[in-house]
Amino acid sequence: QVQLVESGGGLVQPGGSLRLSCAASGNIFSILVMGWYRQAPGAERELVATVSSGASTHYADSVKGRFAISRDNAKNTVYLQIDSLKPEDTAVYYCYVDLTKTYGGTRYNYWGRGTQVTVSS
């Protein structure tokens, strides 16, 4: 089995910053993609950012220039640096991984339980 443990959420004022972390552990051979999604109250879950094993990144238009995703392959950990936070960034942020458990094996997707980010004065 695979476990994802997220941390770093909280309450922050507009314009502030947070750094989210997500560590993956368990039966892992290779993590192909790591990423973050978010879900605001009453809204669907949406992509925030992803990073591939080769460090290629992709961002939602709404967060470009303010969010930065990175990963530490040695620690199976993905980070999301969030700057210039806005009230509309308020949401539960979910970690996501796309991995294999053996060489050339089936790809599996896992989700974290989510960490709350609230932007309010």
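All values reported here derive from a predicted model rather than from experimental measurement.
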K.L.:
Could you tell me whether the side chain of Trp36 reaches within less than 4.5 Å of the side chain of Glu6, counting heavy atoms only?
P.N.:
yes
K.L.:
Testing the basics here: between Tyr59 and Ala49, what is the closest heavy-atom pair and its distance to 0.1 Å?
P.N.:
CD2-CB, 3.5 Å
K.L.:
To the nearest 0.5 Å, what is the distance between OG (Ser70) and CD (Gln81)?
P.N.:
8.5 Å
K.L.:
Grouping I, L, V, M, F, W and Y whenever their side-chain heavy atoms are under 4.5 Å apart, do Val117 and Leu11 come out in a common cluster?
P.N.:
no
K.L.:
Which heavy atom of Leu4 sits nearest to which heavy atom of Gly112, and what is that distance?
P.N.:
CD1-N, 3.5 Å
K.L.:
Kindly say whether Thr118 contributes a backbone atom to a donor-acceptor pair with the side chain of Thr90 at under 3.5 angstrom?
P.N.:
no
K.L.:
Side chains of Gln13 and Ser120, heavy atoms from C-beta outward: is any pair under 4.5 Å?
P.N.:
no
K.L.:
Should Leu85 and Leu18 be marked as a side-chain contact (heavy atoms from CB on, under 4.5 Å) after you check the CA-CA gap, both sets of side-chain angles, and the distance that decides it?
P.N.:
CA-CA 8 Å; Leu85 276 158; Leu18 283 174; 4.1 Å; yes
K.L.:
Using a strict 4.0 Å threshold on nitrogen-to-oxygen distance, state whether Arg66 and Asp83 make a salt bridge.
P.N.:
no
K.L.:
Using modelled atom types only, decide if a donor and an acceptor are shared between the side chain of Thr100 and the backbone of Gly104 within a distance under 3.5 Å.
P.N.:
no
K.L.:
Is there a path of hydrophobic side-chain contacts, each under 4.5 Å between heavy atoms of I/L/V/M/F/W/Y residues, joining Tyr93 to Val33?
P.N.:
no
K.L.:
State whether the number of non-hydrogen atoms from other residues, nucleotides or ligands found under 6.0 Å of Glu44 atom CD is greater than 12.
P.N.:
no
K.L.:
Could you give the distance from OH (Tyr110) to CD1 (Ile31), rounded to the nearest 0.5 Å?
P.N.:
11.0 Å
K.L.:
So, do Leu99 and Leu32 sit near enough that their side-chain heavy atoms are less than 4.5 Å apart?
P.N.:
no
K.L.:
Which of parallel (below 30°), tilted (30 to 60°) and perpendicular (above 60°) describes Trp111 and Tyr96?
P.N.:
tilted
K.L.:
If you define the side chain from C-beta out and look only at heavy atoms, does anything of Val78 sit under 4.5 Å from Val51?
P.N.:
yes
K.L.:
What heavy-atom pair brings Ser121 and Pro14 nearest, and what distance separates the two atoms?
P.N.:
N-CD, 3.7 Å
K.L.:
Are Leu20 and Tyr79 close enough that some pair of their side-chain heavy atoms sits under 4.5 Å apart?
P.N.:
no
K.L.:
Is the closest side-chain heavy-atom distance between Ser30 and Lys101 below 4.5 Å?
P.N.:
no
K.L.:
If you measure from SG on Cys22 to CZ on Arg113, what distance do you get to the nearest 0.5 Å?
P.N.:
12.5 Å
K.L.:
Taking the side chain as everything from C-beta on, heavy atoms only, tell me whether Ile28 gets closer than 4.5 Å to Val2.
P.N.:
yes
K.L.:
Under 4.5 Å between side-chain heavy atoms, counting indirect links through other Ile/Leu/Val/Met/Phe/Trp/Tyr residues: same cluster for Tyr94 and Met34 or not?
P.N.:
no
K.L.:
Show, in sequence, the C-alpha distance, side-chain angles and deciding distance for Asp89 and Lys86, and conclude whether the salt bridge (charged side-chain N to carboxylate O under 4.0 Å, His left out) test is met.
P.N.:
CA-CA 5 Å; Asp89 295 319; Lys86 304 175 181 180; over 6 Å; no
K.L.:
Given the rule in the side-chain contact (heavy atoms from CB on, under 4.5 Å) test, do Ser53 and Arg71 qualify, once you have shown the distances and angles that lead to the verdict?
P.N.:
CA-CA 9 Å; Ser53 56; Arg71 62 188 282 176; 4.2 Å; yes
K.L.:
Using the rule that two of Ile, Leu, Val, Met, Phe, Trp, Tyr join whenever any of their side-chain heavy atoms come within less than 4.5 Å, decide whether Tyr37 and Leu80 are in one cluster.
P.N.:
no
K.L.:
Between Arg107 and Asn109, do the side chains contain an N or O donor and an N or O acceptor separated by less than 3.5 Å?
P.N.:
no
K.L.:
Just wondering, do Arg45 and Val92 contact through their side chains at under 4.5 Å, heavy atoms?
P.N.:
no
K.L.:
Does the distance from a Lys or Arg side-chain N to an Asp or Glu carboxylate O, for Glu46 and Arg38, drop under 4.0 Å?
P.N.:
yes
